[in-house]
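Shown below is the structure under consideration.
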Amino acid sequence: ETAELRFEMNENLVGNMVKKILHGGATASVLDSVCGMLAMGLSLAKNKSGSFEDQLAKVAKSATVDLRIDYLRPGLGKYFITKAHIVRRGNSISVIRGELFNDKDVLIATSIGNYISG
């Protein structure tokens with residue numbers, strides 16, 4: 001029903017070199033990744049029967065259909081945690097919300113997306 005990722009800040013993820021702020025593209029990528037992981041999990045949960053290859057084929061069809069990112073605060077922190085949860089589970093498309101928090105539990109960005117979930 002949920003997915004979570006944690007990652008450390010490092011110089012490869014910096015968008016603003018002066019203030020050492022997380023790049024907006026990294027923010028979008030990690031939010032899309034955690035929500036996509038949840039969509040893949042939904043696909044697996046829905047298709048429990050069948051061979052491993054059949055299940056893998058269903059998961060491989062998971063994809064982002066639409067994604068909106070709201071940048072709320074500068075991405076400052078030693079590490080970040082992204083969380084995803086289901087807003088609506090459909091037969092083929094699921095709506096999933098993502099949130100990005102810093103090490104002080106401050107909400108940095110949110111996402112809402114539509115994902116094909118097998």
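Nothing here was measured: the structure is a model prediction, and the numbers come from that model.
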Query - Approximate separation, where rounding is to 0.5 Å, of Leu31 CG and Leu67 CG - result: 7.5 Å

Query raised in the report: Tyr71 and Ala28: which non-hydrogen atoms are nearest, and at how many Å?
Result: OH-CB, 3.8 Å

Query raised in the report: Side-chain heavy atoms under 4.5 angstrom apart, residues restricted to Ile, Leu, Val, Met, Phe, Trp, Tyr: same cluster for Ile69 and Val95?
Result: no

Query - Sole candidate of Asn16, Val14, Leu13 that passes side-chain contact (heavy atoms from CB on, under 4.5 Å) when paired with Ile21 - result: Asn16

Query - Side chain proximity check, Leu22 to Ile108, heavy atoms < 4.5 angstrom - result: no

**Report entry** Closest non-hydrogen atom pair, Leu42 against Ser94
**Finding:** CD1-OG, 3.6 Å

**Report entry** Residue pair Val106 / Arg73, side-chain heavy-atom distance below 4.5 Å
**Finding:** yes

Query raised in the report: How about Leu5 and Ile81: do any of their side-chain heavy atoms sit closer than 4.5 Å?
Result: no

Query raised in the report: With hydrophobic residues grouped by side-chain heavy-atom distances under 4.5 Å, do Met40 and Leu44 end up in a single group?
Result: yes

Query - Arg68/Asp70 salt bridge by N-O under 4.0 Å criterion - result: yes

Requested in this report: Evaluate the side-chain contact (heavy atoms from CB on, under 4.5 Å) criterion for residues Glu99 and Glu4: first the C-alpha distance (whole Å), next the side-chain angles of each, then the deciding distance (0.1 Å), finally the verdict.
Outcome: CA-CA 9 Å; Glu99 298 172 323; Glu4 189 171 312; over 6 Å; no

Report task. Would you mind reporting whether Ile96 and Val87 have side-chain heavy atoms less than 4.5 Å apart? Result -> no

Query raised in the report: Can you find a pair of side-chain heavy atoms, one from Phe7 and one from Thr82, that are under 4.5 Å apart?
Result: yes

Query raised in the report: Distance only, no hydrogens: is a donor on one side chain within 3.5 Å (strictly under) of an acceptor on the other, for Tyr115 and Asp32?
Result: yes

Report task. Show your reasoning for whether side-chain contact (heavy atoms from CB on, under 4.5 Å) applies to Ile93 and Ile116. Result -> CA-CA 5 Å; Ile93 304 283; Ile116 295 174; 3.7 Å; yes

Requested in this report: Using atom types as modelled and distance alone, determine if a side-chain donor or acceptor of Arg97 lies under 3.5 Å from a backbone N or O of Thr110.
Outcome: no

**Report entry** Which atom of Gly77 lies closest to which atom of Asn102, heavy atoms considered
**Finding:** CA-CB, 4.3 Å

Query - Non-hydrogen side-chain atoms of Lys83 and Phe101 separated by less than 4.5 Å - result: yes

Query raised in the report: What's the spacing between Ser62 OG and Met37 CE if we round to 0.5 Å?
Result: 12.0 Å

Query raised in the report: Nearest 0.5 Å, what's the OG-CG distance between Ser33 and Leu38?
Result: 12.5 Å

Query raised in the report: Do Asn114 side-chain atoms and Val65 backbone N/O form a donor-acceptor pair below 3.5 Å?
Result: no

Query - Whether Ser43 side chain and Ala39 backbone form a donor-acceptor pair below 3.5 Å - result: no

**Report entry** Contacts of Glu8 that satisfy salt bridge (Lys or Arg N to Asp or Glu O under 4.0 Å) - sequence neighbours left out
**Finding:** Arg6

**Report entry** Derivation of the side-chain contact (heavy atoms from CB on, under 4.5 Å) call for Tyr79 and Met9
**Finding:** CA-CA 5 Å; Tyr79 64 85; Met9 178 61 146; over 6 Å; no

Query raised in the report: Leu107 versus Leu100: any side-chain heavy-atom pair under 4.5 Å?
Result: no

